[in-house]
Each structure stands twice: as structure tokens, then as C-alpha cells.
Amino acid sequence: MPIHEKHLIEKQKIIQKDSAELEGRDVSGQWNIFIQQRILSQYHPSMADEIASTPDGRTINRCWQCGTCTSGCCMHTDFGLREFNPRYFIYLAKIGDEEELKKYKDVIWRCLACNKCVERCPKDVRVEEVIHAIDGYMRKKGWMDDTPASRWDDEYVGNVLKTGILDEIMLLRNYIRDEEMKEFNAGYMMRMGMNMLKTGRLRTGPIRHRTKGWKKVRKVAEEILEKDGYELQ
Ligand code: SF4
Ligand code: SF4
């Protein structure tokens, strides 16, 4: 891998206190950089292959570590969560570094799925999907618990599987209830929901939209999900 992390780099200070120059040469030691020696104790050479074999992770090996995804990532820049570094997550997955990857178990699931990284990646890596695949791999291995994002995914899939069309109100209602999101602006959502219901832009509960012949299609959808490694709730 061509890029090494800042925290693995140390500058060796070998020169005198007073001067940084000697006979016209820079002797400050700032040029004298060493990569810290590390021993990977929890190393999984097959990690990248396993991730690449999942539908979301199939483009992981295209990454050449340019960092374009991270520099434009909404979570990393706009929301200032510097630890959220898609390039680094991909790097760790490619070298199979469990120990380092685990340090980000409270961060990696915070992807907003805005897909800005996908638009910008020069190597056509489906970055958002790959991050999702790494997150899924970590949960499958038991390195991290279910997260608000994974619970949202489960709620979403369960909702769509019922009739073949998403019932947004039920999705939000169940998720807010299960996550105990007390700070949620229920009044605003109620008003918006009522207006949408009145104008026929939203259908929920008994009047929700249904896909014709969904019972048959549902079986196929479930088979595909299971084949892709998704555990149906
Ligand atoms: S922009 Fe693409 S190629 Fe560059 S680091 Fe991100 S995923 Fe890898
Ligand atoms: S999809 Fe996720 S990783 Fe990509 S830019 Fe948005 S927040 Fe960042």
C-alpha cells in the first residue's frame, strides 16, 4: 500500500538545538522520517477477498488509495468527524488489519449514503457500498454489535418485504419507537405526514400501496437476500 498513516510516522530528531542549517544544508531532521515498526497480531489475509465476494464489496480491489473519497466525504468534512475516513477503512480491510479496524467500530457505520465519494472516485469504486460491506463483515465476525444503521436497514427490508412497496410512515414510526428517539421532532413530522396523506402522496397502514402478486415475488426476493448473506429477521 503506498500511503502510510500519519500516526505511524515519526520524525527522528538527531540535530542540535540552535541551528537547523549546517553549511547550507537542512539538518533539522524534518526530512529524516521513519515508519514505525509494527507487528500485526490480528491479521486476516482473506479479509479483502471475503469482502470482495459480497455484492456491496465487489469493487474494493479497484481502490488505489488516492484519498479523493475522504477529502470530499460529508461525514469527514461537513460534519467534522475526522475519524471517519473511507480511504483508511478500505486500506485496513485490504491489508486485513483487524486490530486497527476494530478501533473504528463506533464510527464506520455513520456513513450518510450520500454517494459523493462514489461520484468522485477516479477508479469507479462503489465506496459507499464498500464501507457498508466492511461494516457488515465486522458485524458478521462479531467485532461489533448491531448499530443504529444496521437496525434501520433491517427495519427497511422488513417493511418492503411486507407488501413490496415501502410504507414510510410505518418505517419511521417503528424505528423512532425502537430507538427511543426522544429528541425527534414528532410534531413537525406529524404535520408533514398529515399534509402528504391529505394530498394522496402518502399511503400507510391498511391503505398502503401493494405490489400485485407480491406473495410470489417475495419468495424470490427473500431467496436473493439470503443468497447475498442477508439474515432475514
Ligand atoms: S477515491 Fe476511490 S480510489 Fe481513491 S481512495 Fe477513495 S475509493 Fe480508493
Ligand atoms: S456516502 Fe458515506 S463515505 Fe461516501 S461521501 Fe457520503 S458519507 Fe462519506
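We count ligands from 1, going down the list as the structure has it; atoms in each ligand are counted the same way.
- Ring geometry, Trp143 versus His44: the interplanar angle falls from 30° to 60°, so the pair is classed tilted.
- In this structure, Lys227 and Glu222 have side chains that are not in contact, with every pair of non-hydrogen atoms separated by 4.5 Å or more.
- For ligand 1 and Gln65, the ligand atoms under 4.0 Å from any heavy atom of the residue are 5 (S), 8 (Fe).
- Nearest non-hydrogen protein atom to atom 2 (Fe) of ligand 1 is Cys121 SG, 2.3 Å.
- Closest heavy-atom contact between Glu128 and Asn115: OE1-ND2, 3.7 Å.
- Coordination check, Cys66 versus atom 8 (Fe) of ligand 1: failed, since every N/O/S atom of the residue sits at 2.8 Å or beyond.
- Ligand-side atoms of ligand 1 in range of Pro122: 1 (S), range being under 4.0 angstrom from any heavy atom.
- At distances below 3.5 Å, not a single donor-acceptor pair connects side-chain atoms of Ser46 with backbone N or O atoms of Asp49.
- Annotation: protein N, O or S atoms under 2.8 Å of atom 6 (Fe) of ligand 2 (waters excluded) comprise Cys114 SG.
- Within the 4.5 Å cutoff, side-chain heavy atoms of Met170 are placed close to those of Thr204.
- Near Thr68, meaning under 4.0 Å from any of its heavy atoms, are these atoms of ligand 1: 1 (S).
- Of all protein heavy atoms, the one lying nearest to atom 1 (S) of ligand 1 is Cys69 N, 3.3 Å.
- Taking atom 3 (S) of ligand 2 as the reference point, the nearest protein heavy-atom neighbour is Phe84 CE2, 3.6 Å.
- Residues Leu202 and Glu168 form a side-chain contact, since some pair of their non-hydrogen atoms from C-beta on lies under 4.5 Å apart.
- In this structure, the separation between NZ on Lys123 and SG on Cys66 is 9.5 Å, given to the nearest 0.5 Å.
- Ser150 places none of its side-chain heavy atoms less than 4.5 Å from the side chain of Trp109.
- Here the CD1-CE distance, from Ile169 to Met194, works out to 8.5 Å after rounding to the nearest 0.5 Å.
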Please report, to 0.1 Å, the donor-acceptor pairs under 3.5 Å made by any side chain of residues 71-80, with sequence neighbours excluded.
| from | atom 1 | to | atom 2 | distance (Å) |
| --- | --- | --- | --- | --- |
| Ser71 | OG | Thr68 | O | 2.9 |
| His76 | ND1 | Arg82 | O | 3.2 |
| His76 | ND1 | Phe84 | O | 2.9 |
| His76 | NE2 | Arg82 | NH1 | 3.3 |
| Thr77 | OG1 | Cys73 | O | 2.6 |

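- For atom 8 (Fe) of ligand 1, the closest non-hydrogen atom on the protein side is Cys63 SG, 2.4 Å.
- Of all atoms in ligand 1, listed by their number and element, those nearer than 4.0 Å to a heavy atom of Gly67 are 4 (Fe), 5 (S).
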